[in-house]
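Lettering follows sequence order; numbering is per chain, from 1.
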Amino acid sequence: MYLDNSATTRVNDEVLEEMLPYFNEEFGNPSTLYSIGRESKKALELARQRIADSINAKSDEIIFTSGGSESDNLAIKGIAFKLQKKGRHIITSEIEHPAVKETLYFLESLDFKVTYLPVYENGIIKIEDLKEAITPETILITIMHGNNEIGTLQPIEEIGQIAHDNGIVFHTDAVQTFGKVEIDVEKQNIDLLSVSSHKINGPKGVGAIYIKKGIRLVPLIHGGGQERGIRSGTENVPGIVGFGKAAELACSNLEEHAQKQSKIRDEIIEKVLDKIPEAYLNGDRNQRLPNVINFRFKAIEGESLILLLDANGYQTSTGSACSSKTLEASPVLTALGLDPVDVHGSLRISLSPDTGDFDVDDFVDVIAKSVERLRQMSPLWNN
Amino acid sequence: MYLDNSATTRVNDEVLEEMLPYFNEEFGNPSTLYSIGRESKKALELARQRIADSINAKSDEIIFTSGGSESDNLAIKGIAFKLQKKGRHIITSEIEHPAVKETLYFLESLDFKVTYLPVYENGIIKIEDLKEAITPETILITIMHGNNEIGTLQPIEEIGQIAHDNGIVFHTDAVQTFGKVEIDVEKQNIDLLSVSSHKINGPKGVGAIYIKKGIRLVPLIHGGGQERGIRSGTENVPGIVGFGKAAELACSNLEEHAQKQSKIRDEIIEKVLDKIPEAYLNGDRNQRLPNVINFRFKAIEGESLILLLDANGYQTSTGSACSSKTLEASPVLTALGLDPVDVHGSLRISLSPDTGDFDVDDFVDVIAKSVERLRQMSPLWNN
Amino acid sequence: MDYSDKVMDHFANPRNCRPMEDADGVGQVGNPTCGDLMTIYIKVEDDKIADISFQTFGCGAAIATSSMITEIAVGKTLDEALAISRNDVAEELDGLPPIKMHCSNLAADGLQAAIENYYETHQS
Amino acid sequence: MDYSDKVMDHFANPRNCRPMEDADGVGQVGNPTCGDLMTIYIKVEDDKIADISFQTFGCGAAIATSSMITEIAVGKTLDEALAISRNDVAEELDGLPPIKMHCSNLAADGLQAAIENYYETHQS
Ligand SMILES: Cc1ncc(COP(=O)(O)O)c(C=O)c1O
Ligand SMILES: Cc1ncc(COP(=O)(O)O)c(C=O)c1O
Ligand code: FES
Ligand code: FES
């Protein structure tokens, strides 16, 4: 049972089927003049329209990229380099994905100033903090929509409103929310929005960025002038086709998927908190993605827990996929103000629309037994 | 008959087959801890080894990207930003691909100085020019291996030698030569090399960069630290698997493919020059890719020629795929010193290993008739 | 590039594509250095375009618009012919890709130049 | 993360994982703030490790290396036990991912600390 859909998802069968002809039949370069390029071009534009429709944008406001990370880098560096003469101050939150955070660290090395808004115990920024952080030098606010580790949602509509009241560009990383929570770039005052295909049962290596008409930025990848000069490189046609289809499937069934998943989510939360002593939910109980849960268990370490769960057939995660390489404590959990020891005992469970019906009781039972077992081994438990 | 393989290629059936399981069976994130991520990780490393083997590199010198354009941008900006304190001068040629050229224009806007070496009528730089261009400020030489429009090959081994004699980093864009002409990064003194999957019957949206051990550069895409921190973003596992397989197929049969294609190439060149008056070959007759031909025909315009050829079942191109969007005269042909009028009459024919046997006589006949027909319409012919 | 069937038809089977030795007016526009040159020939009778032909060095759209404008113009009075706009040409061809609209400009300009040449050589 | 079968076996079925009330030496290393804490207990007879056990808060490798070092050390003289290196532990486990080598360090350090604690409490 795969329960790590925040890390990546399985490509939907319908999506794969729609992609296939573009590998070896309609394989033309969409920029070419003759007949074989025309089909690719059409397919590209259909995908663009589908992404646009799903966030209430126009199709010429959508630029395809290689994924969420590239979209984040393009948005942030693109605006920073474009507007650096206007100001060099950027506002973000303490719990951004590394694709945003590391990009901001890079800009700091170039003498940009960055304010990291705190998120408090519930994992959500305070609007007053944002208002106070704004200076005449502020050119960009980049605050994510839904967090990839704990699943909390930020009040982006209000953030966007404040940005616009102050003439500041607003970017949001919607990689985790796209296709799961409704997004309306008009209503939510969004100027730039990053999305990624592989989080919504589309293929890996494809993403997009919404760029509101009128917003200009410096390209990240210069070259042949594809994607209206904003993102050069021969277009990944099959990938883009798959992303378009995945977006259509996710967004046209959004309500239904969200309801189904949040029902399982709530059942797991209730039963785990009920059955396991010293178990806690990380992040706000209500302001969260329908498909993400993040627990912490006292006195045990997360990696050993997910290995035990894996051995029992449940694939989960400690949090972000990347952190398994650095062995560092999760900066997101740390930002919640938790005791440093407790930060290591996290478990993220993330669902997807293709998560079949499963036996929540068995799953919770396996978690409970595994936690108990690791606590018996732990010198921190009952010591 | 598809004869525009310099623009893009059909994905080989064996390649596609090897990719398929990674979309919806082994779809795990290679960074995750549990079992399903392990297969992806293994597949990734096998692909890396295959690319490394095909250019005589070590596998940890290969970083995957989203394509040739990203690799070029990463190499050039990465070195420029890393070494800008050492110097701000870069040397290149006049006929680089836009992914290199536009990146250099961008750096010029940041006060880097760039020398564009001329290529003369044969489309090849002169080593003396290179030697003269070097200054104590020079940090990077970026000169392509094989040109995408006219197919000429640059003397990269000598260029690399001169770069190293002067303590300068050498990057070469090998997007057109990889899998077609032998590459040995050791022997050819290469520090950084860009390659792309969709030019060798692999999928679009995948590429790689070879970074010689010890060379450091600033990342283009910051984030979760994938690809040893040099290129963040969830890896495009199926794409990378496909690229690895395509590289293996191309490079293990390189000699045979090259011979087969250059035989067809030579036959087309001879017959066209023989049958059609005022027809010329662009670029050196011998120092060229086995699969690329570029002609020019007096008094006709290229687009109308390729439309006629397409109507007759032959899909060709005027040159680079990108130029069809700008309508500008090809800067590559202009750099050869041709009469500006003649620059518009070009035809590029590019083969691939999967170009079946075909009737060269019929093809040449169709070209001859089409050229004649357009000349009859042209006010420039016999006027 | 997305050419309509009508563009492709006029490109592949251009109407009135020939030089005209005894033309009453000849207009040439475009610049071969930029990849296009168009010559329009007209024969005038009773202030009407009695015959018209063209020669074009240029892209598919340039050839198709040349061909189309000869069909539109033939039989028209010179004043009517002068009023033909690039949009008229593009419309008759069921549209042109945005980047190719200037090619139809060329055709309209060429016809205008031919008529002006006729006036210059015949009415002064 | 690529754990060998042996690592997974020692992780899933750890040997000698229990507190030891009447230990002769106890060593504790690691730092729970960094995600690892290891306690090694030894019982010494005739200058040899007669019994050994552990408790570990940490990753899979930390648990497996703890378990493995108890198997390696039991029956050895204290001098022999002191000579056990992190490489010995990793080797016995058929290797560890590079990023996890420090976990076996922890196990070797823990054993060393337990022996030192035994010397301090028994031989002075
Ligand atoms: C919130 C968030 N932003 C950005 C990314 C990066 O997306 P990608 O892996 O497509 O580069 C991810 C996922 O890894 C994410 O969860
Ligand atoms: C020489 C050369 N460099 C770079 C590129 C860019 O590669 P990609 O389209 O994979 O971004 C191409 C092809 O488009 C090329 O021919
Ligand atoms: S004539 Fe210039 S592009 Fe058509
Ligand atoms: S105990 Fe620190 S990672 Fe293993």
Side-chain angles (χ1 to χ4, degrees), chain A residues 2 4 7-11 13 16 23-24 27-29 31-36 66-70 72-73 97-99 102-103 105-106 196 198 203-206 218 220-226 232-239 303 306-307 310 315-318 320-322 324-326, chain B residues 2 4 7-11 13 16 23-24 27-29 31-36 66-70 72-73 97-99 102-103 105-106 196 198 203-206 218 220-226 232-239 303 306-307 310 315-318 320-322 324-326:
Chain A
Y2 182 75
D4 194 16
T8 195
T9 58
R10 179 180 177 282
V11 175
D13 295 330
L16 182 55
F23 287 109
N24 51 14
F27 63 87
N29 189 318
S31 302
T32 48
L33 290 167
Y34 42 77
S35 36
I36 198 173
S66 69
S69 298
E70 186 189 331
D72 285 339
N73 275 257
H97 188 271
E102 295 289 332
T103 300
Y105 292 166
F106 167 70
S196 182
H198 73 98
K204 294 177 174 58
V206 198
V218 175
L220 187 69
I221 300 181
H222 291 86
Q226 290 90 346
S232 291
T234 302
E235 300 89 342
N236 176 358
V237 180
E303 188 206 293
I306 65 165
L307 285 173
D310 186 27
Q315 286 150 354
T316 59
S317 151
T318 57
S320 105
C322 328
S324 67
K325 272 182 307 237
T326 58
Chain B
Y2 182 75
D4 194 17
T8 195
T9 58
R10 179 180 178 280
V11 175
D13 295 331
L16 182 56
F23 287 108
N24 51 14
F27 63 87
N29 189 317
S31 301
T32 49
L33 291 166
Y34 43 77
S35 36
I36 197 172
S66 69
S69 298
E70 186 188 331
D72 284 339
N73 275 258
H97 187 271
E102 295 289 331
T103 300
Y105 291 166
F106 167 69
S196 181
H198 73 98
K204 294 176 174 59
V206 198
V218 174
L220 187 69
I221 300 180
H222 291 85
Q226 289 90 346
S232 292
T234 303
E235 300 88 341
N236 176 357
V237 179
E303 188 207 293
I306 65 166
L307 285 173
D310 186 28
Q315 285 150 355
T316 59
S317 152
T318 58
S320 104
C322 328
S324 67
K325 271 180 308 235
T326 59

Can you tell which part of [X] gets under 4.5 Å to a heavy atom of chain A, answering side chain, backbone, both or neither?
X       : answer
Y105(B) : neither
S196(B) : neither
N236(B) : both
L220(B) : both
I221(B) : both
V206(B) : neither

Subject >> Whether K204(B) side chain and F27(A) backbone form a donor-acceptor pair below 3.5 Å >> reply: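 At least one qualifying donor-acceptor pair exists.
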Considering all heavy atoms of both residues, which atom of [X] and which atom of [Y] are nearest to each other, and what is their separation?
X       : Y      : answer
G233(A) : S69(B) : CA-OG, 3.2 Å
S66(B)  : E70(A) : OG-OE1, 4.4 Å
A7(A)   : N29(B) : O-ND2, 3.5 Å

**OP:** Kindly write out the residues that satisfy ring-ring contact (aromatic ring centres under 6.0 Å, His included) with F106(B), not counting sequence neighbours, or none if the list is empty.
**Re:**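 Listed in chain order: H222(A).
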Original post:
Can you find a pair of side-chain heavy atoms, one from D13(A) and one from N24(B), that are under 4.5 Å apart?
Top reply: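 Result yes, sub-4.5 Å side-chain heavy-atom pair found.
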**OP:** Using a cut-off of under 4.5 Å on heavy-atom pairs, state which of R10(B), Q315(B), E102(B) scores highest against chain A.
**Re:**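 Highest number of heavy-atom pairs under 4.5 Å: R10(B).
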Original post:
Who pairs with T9(A) by side chain to side chain contact (heavy atoms under 4.5 Å, CB included), at least two apart in sequence or on another chain?
Top reply: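 Per chain and number, T9(A) pairs via side chain to side chain contact (heavy atoms under 4.5 Å, CB included) with N5(A), N201(A).
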